[in-house]
Amino acid sequence: MKREELVKQIKSKESYLCIGLDTDLKKIPASLQKFEDPIFEFNKRIIDATHEYCVAYKPNIAFYEAMGSKGWDSLEKTLEYIPKEIFTIADAKRGDIGNTSGLYARAFFDNMNFDSVTVAPYMGEDSVTPFLEFKDKWVILLALTSNSGSKDFQMTKLENSKYLYQEVLEKSSKWGNASNLMYVVGATQATLLKEIRKIIPDHFLLVPGVGAQGGSLEEVSQNGMNKDCGLLVNASRSIIYASSGDDFSVKAKEEAIKLRDEMKVYLSKYL
């Protein structure tokens, strides 16, 4: 997906909502267990209920890998079911030496046709650039995450007085451009978004941590928005598990609408 297509969708839907499909067999309603593929049935109903209000879906690959070949089948069916105009993110957090990264890229871009994949930058440029060689595909590089352990390395101060995450942003932004490279910045780090925007003013940011993790959508929007919006704000559990009963898709829709309506306000206010 090209950048302009993503921006057009954000403007037409007045939304920058990404929904995480972190689908756990242990958490979905028992009534779905009668289906041949309960995971896909759950995802299908979530997509049916929410696709009008979001611009991206982000399956967390671990939830599918954990089930072996059945999980990969569920993932492929889910990906095929997502409307084509919606941006898709393989939340796989890959990254390895060049030839291996190239194979990971082929798996998610060629074989599964995801629009993007999350990548860990720890091994440096040659572990990331193979993903950037695919036309109209995106790398979403981990920069400043929302987990409590992020301070262990990402907030380490270097000899040049920069934090490690700042060094990652500055160096990696030269590997690609604002049309094929995004960054993960957690919503719980919203106060640092102004500083981040000084380093990467034009890139899109994938922002997890709103919803179940307690991040502020208003703070993220105020501090992180650029001229094209430049944000994909992810909510997973707060939407897909809004109800544990058979009304899960109805409640998911209500939560998606609630976030979309809040986003409409911020797009008008800050864009």
Side-chain angles (χ1 to χ4, degrees), residues 9-10 13-35 37-64 66-67 71 74-75 77-83 85-91 118 145-148 184-190 205-221 224 229 231-267:
Q9 189 186 178
I10 290 169
K13 288 186 173 180
E14 297 180 286
S15 172
Y16 41 102
L17 176 61
C18 171
I19 296 178
L21 297 174
D22 300 357
T23 309
D24 187 342
L25 197 59
K26 296 177 182 177
K27 291 184 178 180
I28 66 177
S31 61
L32 298 183
Q33 302 295 342
K34 65 185 178 184
F35 288 90
D37 189 341
I39 294 294
F40 172 64
E41 185 63 28
F42 180 87
N43 287 349
K44 177 177 175 290
R45 296 190 195 184
I46 291 290
I47 293 165
D48 285 342
T50 62
H51 72 271
E52 295 177 44
Y53 315 106
C54 69
V55 297
Y57 286 108
K58 181 178 72 66
N60 186 315
I61 303 305
F63 287 87
Y64 303 89
M67 296 187 295
S74 300
L75 178 61
K77 285 188 281 186
T78 297
L79 192 59
E80 289 172 7
Y81 193 76
I82 293 171
E85 75 276 6
I86 293 182
F87 191 74
T88 54
I89 301 168
D91 191 5
T118 56
T145 55
S146 56
N147 61 304
S148 59
V184 175
V185 177
T188 53
Q189 312 282 7
L205 304 178
L206 172 63
V207 186
V210 166
Q213 294 183 54
S216 167
L217 178 57
E218 182 169 16
E219 282 188 15
V220 167
S221 304
C229 176
L231 296 173
L232 294 176
V233 174
N234 182 78
S236 302
R237 289 170 287 169
S238 62
I239 291 180
I240 68 173
Y241 299 133
S243 169
S244 59
D246 290 338
D247 63 344
F248 71 92
S249 61
V250 174
K251 295 301 182 183
K253 179 177 181 177
E254 291 174 1
E255 289 300 314
I257 291 173
K258 190 186 301 182
L259 277 171
R260 189 281 312 267
D261 288 349
E262 193 177 349
M263 288 174 175
K264 286 173 71 172
V265 173
Y266 301 142
L267 281 168

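For the numbers below, each heavy atom of this structure counts, side chains included, while hydrogens, waters and symmetry mates do not.
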For Glu80, what residues pass the side chain to side chain donor-acceptor pair (under 3.5 Å) criterion, not counting sequence neighbours?
-> none
Separation of Thr88 OG1 from Tyr57 OH (nearest 0.5 Å) | 12.0 Å
Given the rule in the side-chain contact (heavy atoms from CB on, under 4.5 Å) test, do Thr23 and Phe63 qualify, once you have shown the distances and angles that lead to the verdict?
-> CA-CA 6 Å; Thr23 309; Phe63 287 87; 5.6 Å; no
Check the pair Leu17 / Ile239 against side-chain contact (heavy atoms from CB on, under 4.5 Å), numbers first and verdict last.
-> CA-CA 11 Å; Leu17 176 61; Ile239 291 180; 4.1 Å; yes
Could you tell me the separation between the CG atom of Leu232 and the CG atom of Leu206, rounded to the nearest 0.5 Å?
-> 6.0 Å
What's the verdict on side-chain contact (heavy atoms from CB on, under 4.5 Å) for Cys18 and Ile89, showing C-alpha distance, side-chain angles and the deciding distance?
-> CA-CA 9 Å; Cys18 171; Ile89 301 168; 4.0 Å; yes
Is there any salt bridge (Lys or Arg N to Asp or Glu O under 4.0 Å) pair reaching into residues 43-54, and which pairs are they, with sequence neighbours excluded?
-> Glu41-Arg45, Lys44-Asp48
Atom pair SG (Cys54) and CD1 (Ile46), whose distance is rounded to the nearest 0.5 Å | 10.5 Å
Gap separating the OG1 atom of Thr50 from the CG atom of Leu21, nearest 0.5 angstrom | 7.5 Å
Hey, are the side chains of His51 and Ile82 touching, using non-hydrogen atoms and a 4.5 Å cut-off?
-> no
Minimum side-chain heavy-atom gap Phe42-Ile240 below 4.5 Å = yes
Across all chains, not counting sequence neighbours, the side chain to side chain donor-acceptor pair (under 3.5 Å) partners of Lys77 are Asp37
Considering non-hydrogen atoms only, spot the tightest contact between Leu75 and Pro59 and give its length.
-> CD1-CB, 3.7 Å
Run the side-chain contact (heavy atoms from CB on, under 4.5 Å) check on Val55 and Phe87 step by step: do they pass?
-> CA-CA 6 Å; Val55 297; Phe87 191 74; 5.9 Å; no
Output all residues satisfying side chain to side chain donor-acceptor pair (under 3.5 Å) with Ser15, sequence neighbours left out; order by chain, then residue number.
-> none
Pair up each side-chain donor or acceptor in residues 259-267 with any protein partner under 3.5 Å, not counting sequence neighbours, and list the distances.
from	atom 1	to	atom 2	distance (Å)
Glu262	OE2	Tyr266	OH	2.7

Calculate, to the nearest 0.5 Å, the distance between atoms OH and CG belonging to Tyr16 and Leu217 respectively.
-> 4.5 Å
Across all chains, not counting sequence neighbours, the side chain to side chain contact (heavy atoms under 4.5 Å, CB included) partners of Ala90 are Ile61, Phe108, Phe114, Val117
Work out which heavy atom in Gly209 is nearest to a heavy atom in Ala187; give both atom names and the distance.
-> C-CB, 3.7 Å
Any idea which heavy atoms bring Ser238 and Ala242 closest together, and the distance?
-> O-CB, 3.6 Å
Flag side-chain contact, heavy atom, 4.5 Å: Tyr241 against Asp24 | yes
From Tyr64 atom OH to Asn43 atom CG, the distance as rounded to the nearest 0.5 Å | 4.0 Å
Taking the side chain from Gln9 and the backbone from Glu85, do they hold a donor-acceptor pair closer than 3.5 Å?
-> yes
Determine the minimum heavy-atom distance between Pro208 and Val185, stating which atoms define it.
-> CD-O, 3.6 Å
Nearest heavy-atom pair of Asn234 and Gly20: which atoms, and what distance?
-> OD1-N, 3.2 Å
Let me have the donor-acceptor pairs involving side chains of residues 244-255, under 3.5 Å, with sequence neighbours excluded, atom names and distances please.
from	atom 1	to	atom 2	distance (Å)
Asp246	OD1	Ser31	OG	2.6
Asp247	OD1	Ser243	OG	2.4
Glu255	OE2	Lys258	NZ	3.2

Does the Asn60 side chain pair with the main chain of Asp22, one donor and one acceptor, at a distance under 3.5 Å?
-> no
Closest contact, heavy atoms only, Val233 versus Val220 = CG2-CG1, 4.1 Å
Is there a side-chain contact between Lys13 and Ile86, using heavy atoms and a 4.5 Å cut-off?
-> yes
